[in-house]
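Throughout, a chain's letter reflects where its sequence line sits, starting with A, and its residues are numbered from 1.
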Number of protein chains: 2
Amino acid sequence: MASQLIPEELLERVAQRFKTLSEPIRLQLLNQMMVTSDEMSVMQLVEETGQQQANVSKHLTLMAREGILVRRKEGQKVYYRINDPSIHGICTLVCGRLQQEVDSNLELVEKS
Amino acid sequence: MASQLIPEELLERVAQRFKTLSEPIRLQLLNQMMVTSDEMSVMQLVEETGQQQANVSKHLTLMAREGILVRRKEGQKVYYRINDPSIHGICTLVCGRLQQEVDSNLELVEKS
DNA sequence: CTAATATATTCCTTTACTGGAATTTATGCA
DNA sequence: TGCATAAATTCCAGTAAAGGAATATATTAG
């Protein structure tokens, strides 16, 4: 049946993609790059996120391996940017939904 | 700055949502419910996925706690259905992107 | 050649989560 | 009342992955 929303062959990959997005620091990094809408060096991202350099580097390397980011080396610096155009929409959808949930809960609290 | 794509306050929750979606069996369950576009009992889902009852139950309970599913009990049966309308779009986006990646790789292989 | 800067990698400990097996709880039926 | 069915829960062992610290690699400047 080709009418599957998630084709059997993609199941593992889809899960993997979500797993990659399931870490706050990685979302922070992606968020920075989306807001900047440009490539950013590791150091810039370290500063923006306040995380350890080694840690940031690990997460960037991981996301690059997953195909979410691309890496460009220039001199001693390495620039990363988002390679997956769907990331923006995905995050927008999830955030929209979660914001709704938060708002509904607030409403409930206020009503009580 | 309110122009953040992922607001700081939502960061943890967004990550959590992605983590919930990062398990193949859970995606299978969601897929079934989306394809059926109706609620399904635990047993139905056990049959469709071929997984252990206890395991299916655990994952359903988890997703219900997360607000992705709703639980309705009728007699001795429990029916679950998708409560989060964004799930469909999110999965569609990710699948579309990953299918593209797969296709590009195939192309590369054939060219060589 | 040496020091400094930028990034990546390795090692380690800790934590979180998964599935299996067994058990418990709840409901319906004889 | 007791049995069967449906679902949930508990306990457990195995695994994966995260962050910290230290170190390695690469590039540029002096």
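At the heavy-atom level, B/Thr61 lies under 4.0 Å from the strands shown only through sugar-phosphate atoms. Base engagement by B/Gln53 is indicated by at least one non-hydrogen atom pair under 4.0 Å involving a base atom.
Taking atom CE on B/Met63 and atom P on D/dA8, their separation rounds to 12 Å, with Å as the unit. Protein atom CD of A/Gln28 is 15 Å distant from nucleotide atom C1' of D/dA18, rounded to whole Å. For the pair A/Lys77 NZ and C/dA4 P, the interatomic distance rounds to 18 Å; values are reported in whole Å. Between the CZ atom of A/Arg72 and the P atom of C/dA6 there is a distance of 16 Å, rounded to whole Å. Rounded to a whole Å, the CG atom of B/Asn55 is 19 Å from the P atom of D/dC12. Atom-to-atom, NE2 of B/His59 to C1' of D/dT9 comes out at 14 Å; the value is rounded to the nearest Å. Per the geometry, NZ belonging to B/Lys58 stands 10 Å off C1' belonging to D/dA8, to the nearest Å. At whole-Å resolution of the value, CG in A/Leu60 and P in D/dA18 are 13 Å apart.
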Under the 3.5 Å Watson-Crick or G-U criterion, the dot-bracket string of DNA chain C, with | for inter-strand pairs:
||||||||||||||||||||||||||||||
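Between the side chain of A/Ser37 and the backbone N or O of A/Met33 there is no donor-acceptor pair closer than 3.5 Å. With A/Thr61 contributing its side chain and A/Ser57 its backbone, the two residues share a donor-acceptor pair below 3.5 Å. In this structure, the side chain of A/Arg26 engages the main chain of A/Thr20 through a donor-acceptor pair within 3.5 Å. Under a 3.5 Å cut-off, the side chain of B/Arg65 and the backbone N or O of B/Leu60 do not form any donor-acceptor pair. Put simply, the side chain of A/Asn31 gets close to the backbone of B/Leu5: a donor and an acceptor are under 3.5 Å apart.
B/Leu62 is not connected to B/Ile82 by any chain of hydrophobic side-chain contacts under 4.5 Å among Ile, Leu, Val, Met, Phe, Trp and Tyr, and they are in different clusters.
Of the side-chain N and O atoms in A/Arg71, one or more sit less than 4.0 angstrom from OP1 or OP2 of C/dA8. Contact annotation: A/Tyr80 does not reach the phosphate of C/dA6 (side-chain N/O to OP1 or OP2, under 4.0 Å). Between A/Arg26 and D/dA18 there is a side-chain polar atom (N or O) within less than 4.0 angstrom of OP1 or OP2. Contact between the side-chain N/O atoms of B/Ser57 and the OP1/OP2 oxygens of D/dA8 is found at a separation under 4.0 Å.
Listed candidates were D/dA17, D/dT9, D/dA21. Nearest to the side chain of A/Lys19 is D/dA17.
Comment: A/Glu101 engages B/Arg17 in a salt bridge, judged by a side-chain N to carboxylate O separation of less than 4.0 angstrom. A salt bridge is absent between A/Arg81 and A/Asp38; no separation between the charged side-chain nitrogens and carboxylate oxygens falls under 4.0 Å.
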Show each protein N/O and nucleotides 26-30 of chain C N/O combination with a separation under 3.5 Å, one pair to a line.
unit_1: C/dA26; atom_1: O3'; unit_2: B/Lys73; atom_2: NZ; d: 3.4
unit_1: C/dT27; atom_1: O2; unit_2: B/Gln76; atom_2: NE2; d: 3.2

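Place A/Leu62 and A/Ala54 on DNA chain D by their nearest nucleotides, and A/Leu62 ends up nearer the 5' end.
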Would B/Arg72 and B/Val78 satisfy side-chain contact (heavy atoms from CB on, under 4.5 Å), going step by step from the backbone distance to the final call?
CA-CA 6 Å; B/Arg72 182 177 71 84; B/Val78 173; over 6 Å; no
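Looking at heavy atoms from C-beta onward, A/Asn83 lies out of side-chain contact with A/Leu69 at the 4.5 angstrom threshold.
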